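Quantities reported herein were computed from a predicted structural model and do not represent experimental measurements. A note on names: the letters A, B, ... follow the listed sequences, proteins ahead of strands, and every chain is numbered from 1.
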There are 4 protein chains.
Amino acid sequence: MPDENGETQTARAAQAERTAFTEKAILDAAEAVFARRGLAGTRVREIAEATGLNGATLYNYYPSKSALYEAVLERGVKPLVDLLETFSAGPRELETTRALVAEVMCHLAGHPNFSRLIYLEAMAEGPYLSTLARKWFRPLMERIIGELKDSPEPLDLEDGMLPLVAALFIHASFGHFALAPLLHETLDTDPVSTEGIERQTRFIDTLILKMFPLLARKAEASTPEGVDD
Amino acid sequence: MPDENGETQTARAAQAERTAFTEKAILDAAEAVFARRGLAGTRVREIAEATGLNGATLYNYYPSKSALYEAVLERGVKPLVDLLETFSAGPRELETTRALVAEVMCHLAGHPNFSRLIYLEAMAEGPYLSTLARKWFRPLMERIIGELKDSPEPLDLEDGMLPLVAALFIHASFGHFALAPLLHETLDTDPVSTEGIERQTRFIDTLILKMFPLLARKAEASTPEGVDD
Amino acid sequence: MPDENGETQTARAAQAERTAFTEKAILDAAEAVFARRGLAGTRVREIAEATGLNGATLYNYYPSKSALYEAVLERGVKPLVDLLETFSAGPRELETTRALVAEVMCHLAGHPNFSRLIYLEAMAEGPYLSTLARKWFRPLMERIIGELKDSPEPLDLEDGMLPLVAALFIHASFGHFALAPLLHETLDTDPVSTEGIERQTRFIDTLILKMFPLLARKAEASTPEGVDD
Amino acid sequence: MPDENGETQTARAAQAERTAFTEKAILDAAEAVFARRGLAGTRVREIAEATGLNGATLYNYYPSKSALYEAVLERGVKPLVDLLETFSAGPRELETTRALVAEVMCHLAGHPNFSRLIYLEAMAEGPYLSTLARKWFRPLMERIIGELKDSPEPLDLEDGMLPLVAALFIHASFGHFALAPLLHETLDTDPVSTEGIERQTRFIDTLILKMFPLLARKAEASTPEGVDD
DNA sequence: GATGAATGAGCCTTCATTCAT
DNA sequence: AATGAATGAAGGCTCATTCAT
C-alpha cells in the first residue's frame, strides 16, 4: 500500500514541521523572557503564555525549565561560534576585524535578547558561566587579541592591556544590546532599531580606525572610493 | 538623677549603633545577593543567611523584599549622584573628564556589586528602570555628552554619535565590573582586584587621549613633570 | 468523525461534572470550617484537608481565601433571597408569615452552618457586613415588619418596637442554629436534629399565635379540620 | 525608719494601682478585639496597640494569648454567675423573672462585647465551650426553666418546650447585643445605645407579659400605678 | 500533542513568644 | 514595667512538575 505509506509519510512530515515550528516558538518566547528575568526569576507559565500554549505542554518539548534554558543558551551561542570558525580561516588584518565586528553586530541584531541573556548569566556566577566562557567568550577574546597582536602597527599600550582592548569591543557590541532598555529610556532613539544598530556598528568601526591610525590610513589608500560595505 | 539619665542615654546610643550596624549588614548582604540573582531571583532567606540573621528579622528593618531592594539601589546610586554634582561645579575640560572617570572607577571599586545591580535592573525592564534612568543614568550621560560638546577639539564623528561615545565610557567602566565574573573566568587576572581596576582605569584614560590627540598633547605640555602612569 | 466528536464531548461533560463536583465539595467544606472559625481564624489547609485535596488545589478554583469565603456567603444567602422573593408575591397575612417561618427553618435545616456563618460575620464588623445587611438582612426584616404593619390586629406595642418583633423572629430562627453547639452541650437533645428543628419551628409558630390571639382564633376557625401540630 | 517604710509602702500601693489599671486596660482592649475576631483571628499586637502598649509588654501580665483570652472570659462570666446566685435566693415568681431580665440587660449594657464573645465561643465548638456551658449557660437556663415550671399559670405548650422558652429569653437578650452591628447597619437606631437597650428590655418584658396573660393581669392589679421601675 | 487538575516544595510574610536591655 | 530585636513556626499563596484524559 504505497499510497498509505505516502500519506503517512506526508502526514509525518507535516507533523514534524508543526513540531519544529512549535519548538522554535517556544525557544523564541523563552529567550525573550529569560533575557529579562533570568533563569530563577522566570516562570514557566510566562513562557507558555507568550507561546500561546498551556504550561504543561512545554514539558512535551523540554523535560525541565533548566533544560529549556540550556537549549536557549546553546541556540544563541552556536551561530557565534560558527561565525568565529569561519573567520578563523581568513587573514588576520584590520579589514578582517572590522568585518568580524560588523558580522557580530549583524547577528546580534537578529537576536537582540541574546546579549542580555549572557550578561545575566555572566553576572549570576551560576553553573553555566564556565561553559559560556569556554565555548563562547574565550574563543572570541582570543581571536580579537590574536588579531591585535599580529597587527603590523603596534598599539602603544602597557603590557597586558590587550585583553582590555578586546573586552572593549565586547562591551561596545554586546553591551550595546544588553543596556538597550536603559539607553532607550534615556536617549531619544531606540538602540536596537535598525538605525540604532547600524550607527553603533559604524561607531565601533570608527573606534577601530582611531586606535589604529596608520592602518586606517593604509586601508583608506587602498580603497580610494570609500568602503561603504 | 544624672547618672540614670546618662546610663539611659548611653544605652540608647549603644542600641542605636547596633541597629545601624545590623542595617548596614543587611544592606551589604542584600546588595551582594541582588547583584547576582536580581530581585525576582533572590530569596529573602539567602539574604538573611548571608547576614547571619533569621529571615523574619529582616522584616523588622524593611517591610518587604522590594523595599529592601529599593533601599539597596538608593544607597548605591546616591554617592554617584553626589559625585556628579561635585563635578558639575568644576570646569568642563579634558582634565576634568579624566578625573571624573578616575573617581567613578574608584567608587565602583568600593562597591563592586553596584554595576551588576544596575545592569541587571537595566535589562529587566522592571519598574525601577525609569527611576534609575532619571536619577543616575541620564545625568551621567548628559554630563559626559556636555563635556564632549564643549571640547575645543571637535571629534570628527557623524551627528548624533556623541551619546555613543558617552555610552562607551559607561560600558568601559560599569561594564568592566558587571562582566567581571566572566572576564575573570576567561582571563588570568581578576578584573576587580586593585590591580585590575587600576589597569582598566588607565586603559580608559588612554582611550580618552587617543580620541582627543590634540587635547592630549596640550595637556601633556602643561604638565611638564609628566603624569604618564 | 462523529464518534470522535461524541467521545470528546462526553469526555468534556464528564470533566465538567467532576469539576462541578469538586467545587461543591470545596464550598461545603469551606462553609463548615468558616462557620466555626470565621474568615480570619480559618486556615486554608483545614478546608483543603476537609475536602481531601491539597491546599494548592483550592487555588485552581478560587483565587484567594477571601474569594472562597465570599463564594460561600453568596451561595448561602442566595436561596434565602429567592425564598423571600417568592413570598413577596403572596398575600400578607398571618398564614403567610407562619409559612415563611416554616420555610426559613426548613432551609436552615438543610444548611445548618449558614446561621453561624452570618452571625460570625455580623459580629466581626468586617467588610462583608454591609453587603450582608443589604442583600439578606434588610429585605428579611422589611418583609416581616411589613407583614406586622399590615396585620388587621394591631400589636399593642410602643412605636418603633416593630423592628424588635421582627428581630425576635430572627433570633428565634437563625439564633437557634447559631447557638446550637452551646444548647446541645447544655440540654439533652440536639437542636439541629430533625426533631429539634421541628420543635423549634412549632415553638415559633406558637409564639406567633400567642402574639396575635385574634388572628389565631380566626385562622383556627377557617381551618375546621385543625392543623394544630 | 518608719518614714522609709511608709514611703515604700506608698510607692508600692501606687505601683499596685498602676498595675491594676494597666491590667484592666489590657482586659478591656482584649475583650473588644476578641469579641470581633475570636481567639484564633486576634493578633496580640492588635490588643497591645489598642492598649497603647508594646506587644511584648502583655507578656508581663499574661503568659500567653489564650491565658489572656481565658481571663477575659472569666471576667465576663463571673458577674453574671454572681447575679444569678443573688437571685436564686429570692422567690420564684413572675416579678423576679422580669427583674432578672432587667438586671441581665443592665449588666450586658456595661459589657457590650461580652455577648459577642460568648456567641463566638459557642459557635466555635472550641475547648472553652463546655466550661462556658457548665459555669454560665446551664445555671442560667435552669434558673429560667425552674421559674417557668413553678409558675402558677401553666404555659400551654408541648412537653419539652420549656427549654425553648428559656432559650428565647437568651436569644432576645444576649442575641440583641451579639447581632448589634448587623442590626445597627440595617435599622436606623443603635441597638447598644442607652435608648436601644432600654427599648429591648421593655420589649422582653412585654413578651413575658404576653406569654403569661393571667399573671400579667394579676401583676397589673397589684401595682395599679404602673411599674416604671 | 495539548490541557485542566493535582501536588509537594518552597517563597514571602506574619505571628506568638522570648530575651537583653 | 516596658521595649526593640530576634526567632521558630506557621500561614497564604506560587510554582515547577506530573498525570489522566
When the side chains of residues 114-125 of chain A are checked against the rest of the protein, which donor-acceptor pairs come out under 3.5 Å, sequence neighbours left out?
unit_1	atom_1	unit_2	atom_2	d
A/Arg116	NH1	B/Met123	O	2.8
A/Arg116	NH1	B/Glu125	OE2	2.8
A/Arg116	NH2	A/Asn113	OD1	3.4
A/Arg116	NH2	B/Glu125	OE2	3.2
A/Tyr119	OH	A/Gly175	N	3.3
A/Glu121	OE1	A/Tyr69	OH	2.4
A/Glu125	OE2	B/Arg116	NH1	2.8
A/Glu125	OE2	B/Arg116	NH2	3.2

Original post:
Whole-Å distance between F/dT18 P and A/Tyr62 OH?
Top reply: 17 Å
Original post:
B/Ile26 CD1 to F/dA5 C1': how many Å, rounded?
Top reply: 11 Å
**OP:** To the nearest Å, give me how far apart CZ (A/Arg43) and C1' (F/dT17) are.
**Re:** 16 Å
**OP:** For residues A/Thr57 and A/Thr22, determine if any side-chain heavy atom of one lies less than 4.5 Å from a side-chain heavy atom of the other.
**Re:** no
Original post:
Would you say the side chain of D/Leu39 lies within less than 4.5 Å of the side chain of D/Glu70, judging by non-hydrogen atoms?
Top reply: no
Original post:
What's the closest nucleotide to the B/Ser64 side chain, out of E/dC15, F/dT17, E/dT13?
Top reply: E/dT13
**OP:** Please list residues of residues 45-61 of chain A whose heavy atoms come under 4.0 Å from any atom in DNA chain F, ordered by number; otherwise none.
**Re:** A/Ala56, A/Tyr59
Original post:
So do C/Leu27 and C/Tyr61 actually touch side chain to side chain, heavy atoms under 4.5 Å?
Top reply: no
**OP:** Calculate, to the nearest 0.5 Å, the distance between atoms NE2 and CD belonging to B/His111 and B/Glu31 respectively.
**Re:** 7.0 Å
Subject >> Out of E/dA16, F/dA16, E/dT21, whichever nucleotide has its closest atom nearest the side chain of D/Lys65 >> reply: E/dA16
Original post:
To the nearest 0.5 Å, how far apart are CD1 in A/Ile26 and CG in A/Leu53?
Top reply: 5.5 Å
**OP:** Assign each of D/Ala40 and B/Thr42 to its nearest nucleotide of DNA chain E by heavy atoms, then name whichever residue's nucleotide is nearer the 5' end.
**Re:** B/Thr42
**OP:** Could you walk me through whether D/Phe34 and D/Lys65 pass the side-chain contact (heavy atoms from CB on, under 4.5 Å) test, one step at a time?
**Re:** CA-CA 10 Å; D/Phe34 281 138; D/Lys65 184 169 78 160; 4.2 Å; yes
Original post:
Any donor and acceptor pair, going by atom type alone, linking the side chain of D/Lys135 with main-chain N or O of D/Glu74 inside 3.5 Å?
Top reply: no
**OP:** Could you tell me whether the phosphate oxygens of F/dA5, OP1 or OP2, come under 4.0 Å of any side-chain nitrogen or oxygen in B/Thr19?
**Re:** yes
**OP:** Figure out the OH/C1' separation between B/Tyr69 and E/dC12, and round it to whole Å.
**Re:** 17 Å
Original post:
Does the distance from a Lys or Arg side-chain N to an Asp or Glu carboxylate O, for D/Arg45 and D/Glu49, drop under 4.0 Å?
Top reply: yes
Subject >> C/Leu39 CG - F/dG11 P separation (whole Å) >> reply: 15 Å
Original post:
Pairing of DNA chain F as dot-bracket, 5' to 3': ( ) intra-strand, [ ] crossing, | other strand, . unpaired, with Watson-Crick or G-U pairs under 3.5 Å?
Top reply: .||||||||||||||||||||
